[in-house]
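See below for the structure under consideration.
Per chain, numbering begins at 1; letters A, B, ... match sequence-line order.
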Amino acid sequence: MRMSRLFSKTLREAPNGADSKGYEYLLRAGFIRQLGAGIFSLLPFGFNATKKIEQIIREEMNAIGGQEILMPLVNPADIWKETGRYYSIDKEMSRFSDRVGRDMVLAMTHEEAVTDLARGEIDSYKRLPLLVYQIQTKWRDDPRPRAGLIRVREFTMKDSYSFDVDQDGLDAQYAAHYKAYFRIFSRAGLPVIVVGADSGMMGGKISHEYMYLSSIGEDTIITCPACGYTANRQVAAFAKTSYTEEMKPVEKVLTPECKTIEELAAFLKIEERQTAKAVFMVGTFINDTNGEEEEKLIVGIVRGDLDVEENKLQNAARANALRPAHSEEILAKGMVPGYGSAIGCAKDVLVIVDDSVANSNNLVAGANEEGYHLLNTNFGRDYSGLVADIASAAAGYACPECGKPLSSSKGVEVGNIFQLNTRYSESMNCCYQDENGVRKPVIMGSYGIGVGRLLACLAENYSDENGLSLPISVAPMQVHLVSLVKDAEVGENLYKQLTSAGIEVLYDDRKESAGVKFADADLIGLPIRITLGNRSLKEGKVEVKLRRNLEDTFSFELASVVEETKALITRLEQELEEAVVETEWKKA
RNA sequence: CGGGUAGUAGCGCAGGGGCUAGCGCACUUGGUUCGGGACCAAGGGGUCGGAGGUUCAAAUCCUCUCUGCCCGACCA
């Protein structure tokens, strides 16, 4: 590619809103351009890098038996009605109707489409196991796209779907993905960790997320430095101390102006752990068959020294969505905000009690009366409810596995794997006949990688104060040939030699000053830079630099540039191959 | 969806009832320079996001609206 003919140009200043380094450089180097909120075009560099990432994904998916297919972005709503997600997913899914009024949707994922495909193809256990995948556009009308390519509305995703006769088969495919994902990310050069995750709208049980740890991330990851336990905070467990003692009688006390746990503990001169905190939410429950919504007040009770993890609460409540309750809604059920507890609340309130509360005695709880609290309340004796883990893990808490202190960090989810089991095959009647002629639902798994998000994370990880420096496996091209000599012939010849040897070359043939060319080369950050200048040409040499280390310059003989460049490319590629991480999944 | 903020040349910004709307970068032409974002000269480029209103006069004031960004809610 000649830079004089390149479609994109570099920007000296970052467009407004480019707040992270990676995003800024992707824009300035001409990889991407924004069209609307959460909607981006890929320019030649960005598209090239994307194709490289996709190729790595293809190779690894093929290696575990994946067959590439392509499913439509536009789906008839019928299949989404079959699984109920047409009703349970809110505005995040865009809907429209076609010319004759049929309900249509833009697919935000392809479980429905693939299950529809599978039920037509799979008839016998002899056909299983199967694995298909695609690299396809998804549309999710996120209420708040942000951070460049990290959180967008239209994006490219690799999604694969496994089909098996039983749990063992699913486990095997899950394990294969678990390992393949580590290979994919390490071949691309992105450091990731795997965390236990919530399965969210996907349904199913076991799932893991692949996280790139970075301050630009929106997920909070809880990890144990001592034993390696990791989980998304949404589901992270921790060891809770229980404080059991003999139950004492309930006593009502005046506690004016004590609306927070902190004030209450200070007023009563007790520790926060000796109190019970009530959090009021309204859960939406959706009937999958008719799509009717109903709301229900949920009270989450945790010990005063802990916080409620809303995601855990939502899962424990089996609610479709949660929102904070309004004061009137709480009062209507016999409870008083600021002085609230589940004691004496209306019967149709869903009470969910954290095990920390169930395992502690004589806690101070709200009296459901303005200005009063109750001493010595005990779960089971004074009120009842569903016991679950609804407390939020945080740094410093004890690891659930080894008891050592946990730590927390921010991460970007770049991939995930889910065991769907029969969530989709049952509702869509995707069945096979077993050896005995019995029809059974296919056991499914689904596995995603955000391609653009991966590029964004790579840009973030591989950049310095001068620009990008992507690894050779994903860089848009391999070599940046910078010509500083007036005589175009030397450059032209070298460009032809290199490209005809199969090397990907960006040739800066522009009439620009050396400073401009170097600055652009730094910004675009191709891994190998070959500079043609009078200084070295006199000695029959060209200068070579690696982008990742601009300090070091070495040289190639002009006569053997092609061979030496090839060898250098091979060396860089091998480095990445050698760093590939092989990690096995161990079923708990 | 709530709160904030901003829309003026391709990008970054200034101007804030009055005459021809500016600056830097980028772009065009000519010349000089030529190994880390060169210099001189001459140019081109704008329905000031949109609609309505106030006014003798609106980029500027008012109303509505659209769009981007940030925080929150939300998020496989």
- Query: Looking only at side chains, do A:H110 and A:Q134 share a donor and an acceptor under 3.5 Å apart?
  - Reply: yes
Pairing partner of B:C74, by Watson-Crick or G-U wobble and under 3.5 Å for both distances, is none
Between A:E218 and A:K410, the two heavy atoms sitting closest are O-NZ, 4.4 Å
To the nearest angstrom, the CZ-C1' distance between A:R529 and B:G35 comes to 12 Å
Rounded to whole Å, the CG-C1' distance (A:D90 to B:C1) equals 11 Å
Closest non-hydrogen atoms of A:K312 and A:R233, given as atom of the first, atom of the second and distance, are CE-O, 4.5 Å
Ranking B:G35, B:G72, B:G37 by distance to the side chain of A:R144, first place goes to B:G72
Open item on the list: Rounding to an integer number of angstrom, what distance separates B:C39 and B:A26 when you compare their P atoms?
Closed with: 9 Å
Note to self: Is a donor from one side chain sitting under 3.5 angstrom from an acceptor on the other, for A:E310 and A:Q234?
What the structure shows: no
Winner on side-chain proximity to A:K91, out of B:G35, B:C69, B:C1, is B:C1
Separation of B:G35 atom P from A:K545 atom NZ, nearest Å, is 15 Å
As its Watson-Crick or G-U partner within any shown strand, both distances under 3.5 Å, B:U28 has B:A42
Sugar-phosphate, base or nothing in reach of A:F155, heavy atoms under 4.0 Å: base
On a whole-Å scale, what distance lies between the C1' atoms belonging to B:A14 and B:A73?
36 Å
ring-ring contact (aromatic ring centres under 6.0 Å, His included) filter on A:F163, not counting sequence neighbours, yields none
Answer for the Watson-Crick or wobble partner of B:C61, both distances under 3.5 Å, is B:G53
Which of B:G36, B:C75, B:G37 is nearest the side chain of A:E92? It is B:C75
* Using 4.0 Å as the upper bound for N to carboxylate O, is an ion pair formed by A:K21 and A:E460? -> no
Output a table of nitrogen or oxygen pairs between the protein and nucleotides 14-16 of chain B separated by less than 3.5 Å.
none

Considering only heavy side-chain atoms of A:A37, the closest of B:G37, B:C74, B:C69 is B:C69
Between B:C13 and A:N16, is there an OP1 or OP2 to side-chain N/O distance shorter than 4.0 Å? yes
Looking only at atom P, what distance separates B:C62 and B:U47, rounded to whole Å? 24 Å
>> Taking the P atom in each of B:C23 and B:G43, what is the distance between them to the nearest angstrom?
In response: 13 Å
Select base, sugar-phosphate, or nothing to describe what A:D159 touches, counting heavy atoms under 4.0 Å on all strands. nothing
Categorize A:R453 for me: base, sugar-phosphate, or nothing, with a 4.0 angstrom heavy-atom threshold over every strand shown.
nothing
Between A:L43 and A:S8 the two heavy atoms that sit nearest each other are CD2-CB, 3.5 Å
For this session: Would you state whether a donor and an acceptor, one from the side chain of A:R146 and one from the base of B:C71, lie under 3.5 Å apart?
Result: no
For nucleotides 25-28 of chain B, tabulate all protein N/O to nucleotide N/O atom pairs closer than 3.5 Å, reporting atom names and distance.
from, atom 1, to, atom 2, distance (Å)
B:A26, OP1, A:R12, NH2, 3.1
B:A26, O2', A:K9, NZ, 3.1

Inset, instruction - Looking at every strand, decide which applies to A:P143 at a 4.0 Å heavy-atom threshold: base, sugar-phosphate, or nothing. - result: base
Taken to the nearest whole Å, CD/A:Q314 to P/B:C75 is 7 Å
Mind checking A:A147 for me? I need base, sugar-phosphate or nothing, with any heavy atom below 4.0 Å counting as a touch.
sugar-phosphate
Donor on one side chain, acceptor on other, A:Q136 and A:D159, under 3.5 Å = no
The residue, A:E413 or A:Q34, whose nearest nucleotide of RNA chain B is more 5′ is A:Q34
Inset, instruction - Validate the cation-pi geometry between A:K138 and A:F155: distance from NZ or CZ to the six-membered ring centre under 6.0 Å, angle to the ring axis within 45°. - result: no
For B:C34, the nucleotide meeting Watson-Crick or G-U wobble distances (both under 3.5 Å) is none
Under 4.0 Å, counting only non-hydrogen atoms across every strand here, what does A:A514 touch: a base, just sugar-phosphate, or nothing? sugar-phosphate
**Study point:** P-based separation of B:U54 from B:U63 [nearest Å]
**Key:** 15 Å
Check: With a 4.0 Å cut-off, would you call A:D508 and A:R2 a salt bridge?
Finding: no
Are A:E60 and A:K158 close enough for a salt bridge, meaning some N to O gap below 4.0 Å? no
(Q) So, does A:S513 get its side chain near the phosphate of B:C34, meaning an N or O under 4.0 Å from OP1 or OP2? (A) no
So, A:D171 versus A:Q419: side-chain donor-acceptor pair below 3.5 Å or not? yes
Taken to the nearest whole Å, CD/A:E154 to C1'/B:C75 is 18 Å
Applying the 3.5 Å cut-off to both distances, the Watson-Crick or G-U partner of B:A9 turns out to be none
In whole angstroms, the gap separating P of B:A73 from CD of A:E218 amounts to 11 Å
Closest to the 5' end of RNA chain B, once A:G38 and A:G450 are matched to their nearest nucleotides, is A:G38
Sorted by number, residues from residues 481-494 of chain A placing a heavy atom under 4.0 Å from RNA chain B are A:L484, A:K486
Separation of B:A38 atom C1' from A:R510 atom CZ, nearest Å, is 15 Å
(message) Taking the P atom in each of B:G18 and B:U29, what is the distance between them to the nearest angstrom?
(response) 38 Å
Say we look at B:U65 and B:A6: how far apart would their C1' atoms be, to the nearest angstrom? 16 Å
In whole angstroms, the gap separating P of B:G72 from CZ of A:R151 amounts to 10 Å
A:F182 meets the ring-ring contact (aromatic ring centres under 6.0 Å, His included) criterion, sequence neighbours left out, with A:Y178, A:Y210
Query raised in the report: Under 4.0 angstrom, heavy atoms only, what part of the nucleic acid is A:G533 near: base, sugar-phosphate, or nothing?
Result: base
Here the ring pair (Phe, Tyr, Trp, His ring centres under 6.0 Å) pairs for residues 506-538 of chain A, sequence neighbours left out, are A:Y495-A:Y507
Is the A:H208-A:Y174 ring centre distance short of 6.0 angstrom?
yes
| Say you pick atom C1' in B:A42 and the same atom in B:A58; how far apart are they, in whole Å? | 34 Å
